[in-house]
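A short write-up of the structure that comes next.
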Amino acid sequence: MSAQGHIKRRGWCPGVRRPMATGDGLLVRLHPFGGRLSADQACLVAQAAREHGNGHLDITARGNLQIRGVSEATYPALLALLEREGLAEPEGDGPNRLTVLSPLAGLDPRDQFDTIALARHIENAAGAIKGLPAKFFVAIDGGGTMPLDELGADLHLVALGDRSIAFGMPSSSGLHWMGTSDLTRTPDAVHSILSDFCNLRRKGMSEARRLRDLEPDLIRELVARADLHPAAAPERRPAAPRAGVISHGNGQAVLLALPFGRCRAEQLVQVANWSERFGSGEIRLSVTRGILLPMIASEHVSALIDEAGRAGFITEADDIRLCLMACPGRPDCGSALTSAPADALRIAESCGDLLRQGATLHVSGCPKGCAHPGKADLTLVGRSDGGYDVVPNGSTRDASFLHLSIDEIMLRLSPLNTLNGLRRASPERQP
């Protein structure tokens with residue numbers, strides 16, 4: 001099977017059945033429900049990555065797992081293997097997986113409802129909706145330890161604390177709250193919004209592929225038909241931890257971070273082995289682009305952290321690399337215009353103090369912003385000339401106000417300067 005026919009499809013999202021050709025070969029993306037894999041499944045995927053790909057994997061911001069470097073010759077055997085093991089998405093052109101959850105779903109004592117049950121209900125009901133765009137997804141946030149605000153989902157469902165759910169969607173100023181629903185009515189309200197959105201597209205009333213792109217009057221129409229109550233904004237919570245030990249209702253979890261979400265096959269095997277030696281035999285792919293071991297006995301935490309650190313995982317929440325977000329970049333990604341990960345690390349060397357103070361840096365090799373759909377304190381978008389468009393306090397979708405080379409960026413972010421220095425662009429540098 002060839003992936004070439006899929007490359008130009010607007011709004012297309014790769015999967016197991018629909019690989020995507022990129023800089024290092026075909027990319028095959030797995031979408032396990034809730035980001036969950038058993039230890040045996042993780043080992044199988046790692047072996048498949050070695051035998052059918054180049055041995056490299058990515059964990060995405062939606063908790064998916066990508067096998068990289070697959071060839072046209074090896075893809076058919078990989079597809080057959082993943083189908084046989086139940087790791088291929090259903091046939092069809094809709095979303096490969098519609099819902100995204102916290103990796104602590106089902107364990108977090110702070111969650112105010114059963115996010116897993118709601119996700120299954122929404123997934124099952126959405127199967128009958130025709131025309132749902134492949135990239136459409138719903139974030140289900142129980143109000144717990146790991147907020148999902150920054151995911152950029154089409155629809156955010158967030159607990160309000162009184163058995164009601166706030167419905168939100170991304171906007172230029174953060175999440176825009178559309179309305180609320182009782183928990184018991186939430187599945188029907190979600191189904192109404194998704195169905196009506198697809199009907200608008202099917203009838204030619206809108207060409208929007210994402211909910212946020214609808215005209216305001218059409219959004220109000222969807223809200224009214226879903227019978228949502230007046231909007232209420234959930235309380236803001238601290239950002240989700242990206243590495244370290246997390247206590248929960250059933251013990252402790254260990255969140256292992258990976259620089260830029262990149263993982264070698266042997267690292268995935270190591271995680272699978274730790275999950276069996278120290279925990280429950282399950283791993284969870286995290287929306288923080290790391291791997292969570294959900295059930296680790298207290299007496300094993302120290303040994304696990306030590307082994308993981310030596311294996312190249314980030315285990316400390318204050319590690320400077322956690323402030324960096326970057327896509328695979330050139331040459332691994334065919335769309336990338338710059339070597340995003342290498343440039344991110346170079347910048348970090350010159351502005352470590354800023355990052356230690358909590359600043360976030362997103363380096364994207366192209367305008368798609370795959371590594372981080374939300375805002376960062378500084379977003380850099382790769383250009384064909386090898387430089388970057390500069391967007392302070394924004395995302396790749398926001399307008400830049402200047403462009404700089406990587407050396408100029410490093411100079412302006414040196415210890416003698418601050419992020420504000422980026423605003424002092426000379427007139428001839430303005431786009």
Side-chain angles (χ1 to χ4, degrees), residues 1-7 9 12-33 35-91 96-97 134 256-275 283-286 289-291 311-313 326-336 339-342 365-366 368 370-371:
M1 176 179 178
S2 172
Q4 298 304 313
H6 297 295
I7 301 309
R9 286 176 57 186
W12 169 65
C13 192
V16 172
R17 302 184 190 280
R18 296 169 292 191
M20 180 175 71
T22 186
D24 57 353
L26 299 181
L27 182 151
V28 174
R29 183 180 294 167
L30 286 72
H31 302 79
F33 176 77
R36 299 180 178 197
L37 293 171
S38 68
D40 288 343
Q41 287 175 320
C43 287
L44 181 143
V45 171
Q47 181 178 353
R50 285 192 293 252
E51 294 182 356
H52 304 296
N54 59 14
H56 292 282
L57 305 108
D58 301 319
I59 299 172
T60 76
R62 297 190 194 180
N64 298 320
L65 186 63
Q66 299 179 161
I67 299 174
R68 304 194 67 93
V70 179
S71 71
E72 293 281 355
T74 61
Y75 172 68
L78 175 62
L79 173 61
L81 171 66
L82 297 177
E83 282 184 322
R84 187 168 62 249
E85 297 297 328
L87 293 172
E89 70 276 0
E91 298 278 6
N96 297 311
R97 171 161 56 92
L256 304 176
L258 288 154
F260 312 120
R262 308 304 301 274
C263 180
R264 302 186 308 276
E266 55 267 28
Q267 287 180 302
L268 187 57
V269 171
Q270 287 174 305
V271 172
N273 291 337
W274 293 328
S275 74
I283 72 169
R284 301 187 182 186
L285 309 171
S286 174
R289 307 195 74 194
I291 302 177
F313 290 91
C327 61
R330 193 179 60 188
D332 289 352
C333 177
S335 299
S339 301
C366 79
K368 291 193 293 185
C370 298

Please identify each residue that fulfils side-chain hydrogen bond (donor to acceptor under 3.5 Å, both in side chains) with Ser286, with sequence neighbours left out.
Thr288
Looking only at non-hydrogen atoms, find the nearest pair between [X] and [Y] and report the distance.
X: Ile283; Y: Ser275; value: CG2-CB, 3.9 Å
X: Gly312; Y: Pro259; value: O-CD, 4.2 Å
X: Arg264; Y: Ala311; value: NH2-O, 3.8 Å
X: Ala336; Y: Gly329; value: CB-C, 3.4 Å
X: Ala340; Y: Gly365; value: CB-N, 4.0 Å
X: Glu83; Y: Ala88; value: CG-CB, 3.9 Å

Test side-chain contact (heavy atoms from CB on, under 4.5 Å), reference Val70, set Leu78, Leu27, Leu79, output is Leu78
Reference residue Leu87; test side-chain contact (heavy atoms from CB on, under 4.5 Å); the match among Leu37, Leu65, Val16, Leu81
Leu37
Go through the steps to decide whether Gln267 and Leu258 satisfy the test side-chain contact (heavy atoms from CB on, under 4.5 Å), and finish with yes or no.
CA-CA 10 Å; Gln267 287 180 302; Leu258 288 154; 4.0 Å; yes
For the atom pair [atom1] ([X]) and [atom2] ([Y]), what is the distance rounded to the nearest 0.5 Å?
X: His56; Y: Gln66; atom1: NE2; atom2: CD; result: 14.0 Å
X: Arg262; Y: Cys327; atom1: CZ; atom2: SG; result: 9.5 Å
X: Cys263; Y: Asp58; atom1: SG; atom2: CG; result: 9.0 Å
X: Leu285; Y: His31; atom1: CG; atom2: NE2; result: 11.5 Å
X: Leu44; Y: Arg84; atom1: CG; atom2: CZ; result: 8.0 Å
X: Arg330; Y: Ser335; atom1: CZ; atom2: OG; result: 13.0 Å

List the steps and the verdict of side-chain contact (heavy atoms from CB on, under 4.5 Å) for Thr74 and Glu51.
CA-CA 8 Å; Thr74 61; Glu51 294 182 356; over 6 Å; no
When you compare the side chains of Arg17 and Asn96, does any donor N or O come within less than 3.5 Å of an acceptor on the partner?
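Arg17 vs Asn96: no donor-acceptor pair found between side chains.
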Any luck finding a side-chain donor-acceptor pair between Asn64 and Arg97 under 3.5 Å?
yes
Please confirm whether the backbone N or O of Asp332 pairs with a side-chain atom of Thr22, one donor and one acceptor, at under 3.5 Å?
yes
Taking the side chain from Arg289 and the backbone from Ile59, do they hold a donor-acceptor pair closer than 3.5 Å?
yes
So, do Pro328 and Arg68 sit near enough that their side-chain heavy atoms are less than 4.5 Å apart?
yes
Residue pair His52 / Ile67, side-chain heavy-atom distance below 4.5 Å:
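When only atoms from C-beta onward are counted, Ile67 and His52 do not touch, as no gap falls below 4.5 Å.
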